[in-house]
Structures are given as C-alpha cells and as structure tokens.
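Remarks on the structure that follows.
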2 protein chains.
Amino acid sequence: MGRTSDAKERLIQSGMALIHAGGYAQAGVQDICLRAGVRKGSFYHFFASKSALALAVVERFRQFSDQFLDQALANDLPAVERLIRLFHMAAVLQEEFQRESGFVKGCPFGNLALEMSGHDEPLRHALVEIFTALRQRVATVLDEAGSSQATLQAEAVVNLFEGAILLAKTHNDPQIIRRMGVIVPELAR
Amino acid sequence: MGRTSDAKERLIQSGMALIHAGGYAQAGVQDICLRAGVRKGSFYHFFASKSALALAVVERFRQFSDQFLDQALANDLPAVERLIRLFHMAAVLQEEFQRESGFVKGCPFGNLALEMSGHDEPLRHALVEIFTALRQRVATVLDEAGSSQATLQAEAVVNLFEGAILLAKTHNDPQIIRRMGVIVPELAR
C-alpha cells in the first residue's frame, strides 16, 4: 500500500515540478496525475481543486526556501556579505535549473505571483506572507549592518532580488542575479 | 465594411486587455474573439496562432511603454529626478488599474516574461529586446547623472523597477513602487 499512501506526496512533487517549469495554467491536473502515477479520481480525494494543490506546492517551496535563506543569511559572515551570498546562491540555483532543463526557471513565488495574483486570493495571500517574511529577514540583516533605514532598504533588496530573477529568466542568463551581488551593498548604507 | 476592416485592431485591443488582466494562458482565443466581436474563423485569418497575436500585443504595449518612458525620462528634470519620476509614474498607472479592476495588473512585459519565457522563444526574444532598450535608456540617464558604473547600475534600476511592480502586484499595493523612488538615487552614485 506504500504506493497508495504516498500518492499525496507524489502529487505535490509532480505539481512542484510542472508548476515551476511551465506555470500554473500549463500544469493540467491530468499531467500532474500522470507524472505522479496517480489516477485522476484520487487527485480530488487529496485536493479539493488544482488551486488547493498549488497552495500545498507553495508551502513545500517555502520549506525549501526557508532552508535556502538559513544558509544564505547564516551569521558566519558580516551582514552585508550575507546579502551578497543570497544573490550568489540564487544565481547558482538558477544555473542548475538551466543545466538540467535548458532554461532559468525563476522563483516559484515570483512566477506564481505574476500569473495568479489577479484571480486566486488564497494563493496571493500565501505569497504575500512569504515575501513579507523574506523582507523581515533581510531587514534583520540590514539592522545588523547598521543600515540607516532598514525597513525601506529591505523592501528594496527583495524587489531587486525578485526583479533580478525575473530578468534572468527572461534573458535565460543567471549572471544577471550574480551581478546584483555587486549592487546590494549600495542598498545597505 | 468598417467592422471587418478593423477586426485585426479589435483583436489586438482585446488581446491586450485580456492578457494584461489574466495572463496568456487564461486568455483563450474564443474569449479574445468574443470581446473583440470577431468570429473565431477570422482570428486565424489575421494571426497564425495565439502566440502570433501575443507578439502583436507586446509590440503595441511597447509603443505605449515608449511614450511612457519619453515622458518619465524627459530632460526637463535633473537626471536622477527623472528616474524617481519613472517610479512615480508607474505607481500612478498601477493605481489607475487598481481603481478600474480592483487589482494591480503589473507590467505586461514582466507578466509575460515569467509566464512564457520557458516555452515561447519568439515572445521571449521580443521581451529581451524591450528590457534591453529600457536598460539602455536608463544607462543614458545615469551617464548624465555622472554615475560611476552606469551599465551595471542601469541593470539594477531595471531589476528594481520590475521587482517593485511584481511585489506591488502580489501585495496589490502600488505604494511599493512609489517607495522605490526614495531608493533609486542610491543606485545612481
């Protein structure tokens, strides 16, 4: 029964892969089930809708992202260098995606935010929470760096980060994210 | 025959509205035709595919965007203040969208870039051109402002701009874009 009992998990994994690669609309329930090896009837046993699965997918990406931030912002480096490391690590991650699939896949949160914010309020709220938590973590680092206006500057760092990943995806060039590591100290004065 | 002869134009206008409001995938050819008052058969007389219409839509948004940039970056203000005006004007535009529809619709180029970059190369190339032209315009302004590394800083301003619009759409709050007007001088030193 192992195959049955982990069906929900396989649906989440399948949803993560397909939604990150091609967006929400492109990822049909049928494709998600096919990749997961789960019958379509079972999908609705676990999830009320594709939107409900997307929420579970976002939650799982958030766990990954929290670990990523723990590493990037760890206090083994001076505060500003942690922010530079955040951009460098994001560039490395997008380089890996590019090697695997030929394309920079971008930030799963940013991708879903632009695709879904106008028509899925629960998803939008989940993404607002994630970006707010990121901003707060960056603000803590900026406080430590002695920045003059940490709240506003943290917002700028998050905007720069998401914008750099957006442009990296458009140009299919992760170096754009890496170059912003040179700029981020300007936002920490 | 006026109604027939402007069918192509109405399809483009309808595509602009629907793609900007809900994204590429959500905008079905049928909905685009319905809104335009054009029969579905005629759609394929004017456009080989939805992707071809999207290219025409992007080209039209580009014309709008060029005028917007002409105004924002006009040399009636010192260079750095023009960049601040760019952020302010973008905030005002998103406030208008929000008043009309309840939602910040975001940047049509950024939206399409994140939704389509992985699976529509002609569209991705059109967006790369648009972002490259924006970066060059910003670099010219930064040169005039006496910035120390105009090329890199222009890239940062474009990233910050697109990121701020992304976060404004997620939070449904155009003030995020306006606040970045305070930050942009930090990127022009």
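Here the structure is a predicted model, which is why all the values come from computation and not from measurement. Every chain is numbered from 1 and lettered A, B, ... according to where its sequence line falls, protein lines coming before strand lines.
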Is it the case that one hydrophobic cluster holds both [X] and [Y], taking links as side-chain heavy atoms less than 4.5 Å apart, direct or via other members?
X	Y	value
A:Ile12	A:Phe64	yes
B:Leu123	B:Leu18	yes
A:Val38	A:Tyr44	yes
A:Met16	B:Leu114	yes
B:Phe109	B:Leu53	yes

Check: Got a sec: does the CZ of A:Arg189 have more than 12 other heavy atoms crowding it under 6.0 Å?
Finding: yes
Next item on the list: Count the heavy atoms belonging to other residues, nucleotides or ligands that lie under 6.0 Å from CD of B:Gln63, then report whether that count exceeds 12.
Entry: yes
Next item on the list: Go through the atoms of A:Glu129 and report whether side chain, backbone, both or neither lie under 4.5 Å from a heavy atom of chain B.
Entry: neither
Checklist line | Contact class of B:Leu187 relative to chain A, heavy atoms under 4.5 angstrom | finding: side chain
In Å and rounded to the nearest 0.5 Å, what is the [atom1] to [atom2] distance from [X] to [Y]?
X	Y	atom1	atom2	answer
B:Glu121	A:Phe103	CD	CZ	4.5 Å
A:Leu160	B:Asn159	CG	CG	6.0 Å
B:Glu186	A:Glu186	CD	CD	8.0 Å

Margin query: Out of A:Leu112, A:Val128, A:Val158, return the one with the most heavy atom pairs under 4.5 angstrom to chain B.
Written below: A:Val128
Next item on the list: Identify the residues of residues 163-185 of chain B whose heavy atoms come closer than 4.5 Å to a heavy atom of chain A, ordered by number, or report 'none'.
Entry: B:Gly163, B:Ala164, B:Leu166, B:Leu167, B:Lys169, B:Thr170, B:His171, B:Asn172, B:Ile176, B:Arg179, B:Met180, B:Val182, B:Ile183
